[in-house]
K.L.:
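Okay, handing you the structure first.
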Amino acid sequence: MGLDQLIKKCKKKNTKAQEQLYQLYSSKLFSICLKYSNDYSSAEDILQDAFMTIFDKINQYKNTGSFEGWIKRITINTALQKYRKQKLFEIINEEQIEETEIEIEEDEISLDYLLKIIQQLPDRYRLVFNLYVLDGYSHKEIAEMLEISVGTSKSNLARARYILKDKIETNQEHYVRSIER
């Protein structure tokens, strides 16, 4: 069955079609949930909530544009809703924040390690980092999505990069020392 047929059946609340759609997209969407959550359990909750929203609003999808893009946006918004209600973001003075560049020796840092340290970031830094770096949103879009200022978005990104750079450099130092032994 093609994707268009699957979507039509989901719009008619066909549970078998919903199950197939879940099987088709759950792993991709779960990776998004992991990026935005600080642990596996929270990511599972976000994924479940995202699929509930997808099935609830699937009639709003008009078969224009990418269906995958549509469900990814719902998943990101579902993750962000969890944090919008909390007062995570400090009001930041619009002073210039120094951009931090991170150089990574790819042989020394695993994708699992990167995901782990991103998940360890404080919520406000992790959200802005993921939206800007991994999902390509602008600071203006992030500010609107999170109901913060553009300066706060920039500041939180700079702080996230600084923390990640520090953790990566520490990891690389440990790696070099272990090789030298």
K.L.:
Quick check: closest heavy atoms across S37 and I46, and the distance to 0.1 Å?
P.N.:
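It is CB-CD1, 4.0 Å.
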K.L.:
Which side-chain N or O atoms in residues 1-21 pair as donor and acceptor under 3.5 Å with protein atoms at least two apart or in another chain?
P.N.:
unit_1 : atom_1 : unit_2 : atom_2 : d
K11    : NZ     : Y61    : O      : 2.7
N14    : OD1    : K16    : N      : 2.9
N14    : OD1    : A17    : N      : 2.9

K.L.:
Where is the tightest heavy-atom contact between W70 and I58, given as atom of each residue plus distance?
P.N.:
CH2-CA, 3.7 Å
K.L.:
Using the rule ring pair (Phe, Tyr, Trp, His ring centres under 6.0 Å), only one of Y36, Y40, Y25 pairs with F30; which is it?
P.N.:
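Output: one option passes, namely Y40.
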K.L.:
Do you know which of D135, N130, T75 makes side-chain hydrogen bond (donor to acceptor under 3.5 Å, both in side chains) with K35?
P.N.:
D135
K.L.:
Is it possible for you to say whether M52 and I71 belong to one hydrophobic cluster, with membership spreading through side-chain heavy-atom contacts below 4.5 Å?
P.N.:
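No, it is not one cluster - the side chains of M52 and I71 are not joined through contacts under 4.5 Å.
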K.L.:
Looking at every non-hydrogen atom in both residues, tell me the closest pair between P122 and I163 and how far apart they are.
P.N.:
CD-CD1, 4.3 Å
K.L.:
If you measure from OG1 on T78 to CD on Q48, what distance do you get to the nearest 0.5 Å?
P.N.:
11.5 Å
K.L.:
Decide, yes or no, whether a salt bridge links D45 with K82 under the criterion of side-chain N to carboxylate O below 4.0 Å.
P.N.:
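K82 and D45: not salt-bridged.
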K.L.:
CD1/I54 to OH/Y22 distance, rounded to the nearest 0.5 angstrom?
P.N.:
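I54 CD1 to Y22 OH: 10.5 Å, rounded to 0.5 Å.
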K.L.:
Run M145 and I76 through side-chain contact (heavy atoms from CB on, under 4.5 Å) and show every step you take.
P.N.:
CA-CA 10 Å; M145 292 169 85; I76 291 170; 4.2 Å; yes
K.L.:
Between CD of E144 and OG of S138, what distance do you get to the nearest 0.5 Å?
P.N.:
7.5 Å
K.L.:
Please report the closest heavy-atom contact between N59 and K62, naming both atoms and the distance.
P.N.:
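Heavy-atom minimum between the residues: O-NZ, 3.3 Å.
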K.L.:
Identify, with sequence neighbours excluded, every residue that meets side chain to side chain donor-acceptor pair (under 3.5 Å) alongside Q120.
P.N.:
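Checked Q120 against side chain to side chain donor-acceptor pair (under 3.5 Å); matches are K167.
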K.L.:
Nearest heavy-atom pair of Y132 and R161: which atoms, and what distance?
P.N.:
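Between these two residues, the closest heavy atoms are CE2-NH2, 3.9 Å.
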K.L.:
How long is the span from the CG atom in L131 to the CG atom in L157, to the nearest 0.5 Å?
P.N.:
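Rounded to the nearest 0.5 Å, the CG-CG separation comes out at 10.5 Å.
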K.L.:
Working to the nearest 0.5 angstrom, can you tell me the gap between L80 CG and L127 CG?
P.N.:
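The CG atom of L80 sits 6.0 Å away from the CG atom of L127.
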K.L.:
Walk me through whether T53 and N77 qualify under side-chain contact (heavy atoms from CB on, under 4.5 Å).
P.N.:
CA-CA 10 Å; T53 302; N77 285 332; over 6 Å; no
K.L.:
For the CD atom of Q119 and the OG atom of S42, what is their distance to the nearest 0.5 Å?
P.N.:
9.5 Å
K.L.:
Within a strict 4.5 Å, meaning less than it, do heavy atoms of the R126 and D123 side chains meet?
P.N.:
yes
K.L.:
Apply the test side-chain contact (heavy atoms from CB on, under 4.5 Å) to residues V128 and T152: give CA-CA distance (whole Å), side-chain angles for both, the deciding distance (0.1 Å), then the verdict.
P.N.:
CA-CA 9 Å; V128 173; T152 300; over 6 Å; no
K.L.:
Between D49 and Q81, does a side-chain contact (heavy atoms from CB on, under 4.5 Å) hold up when you go through it step by step?
P.N.:
CA-CA 10 Å; D49 292 345; Q81 281 178 345; over 6 Å; no
K.L.:
Quick check: closest heavy atoms across I142 and S153, and the distance to 0.1 Å?
P.N.:
CG2-OG, 3.5 Å
K.L.:
Within the structure provided, determine whether I32 and L134 are in side-chain contact (heavy-atom separation under 4.5 Å).
P.N.:
no
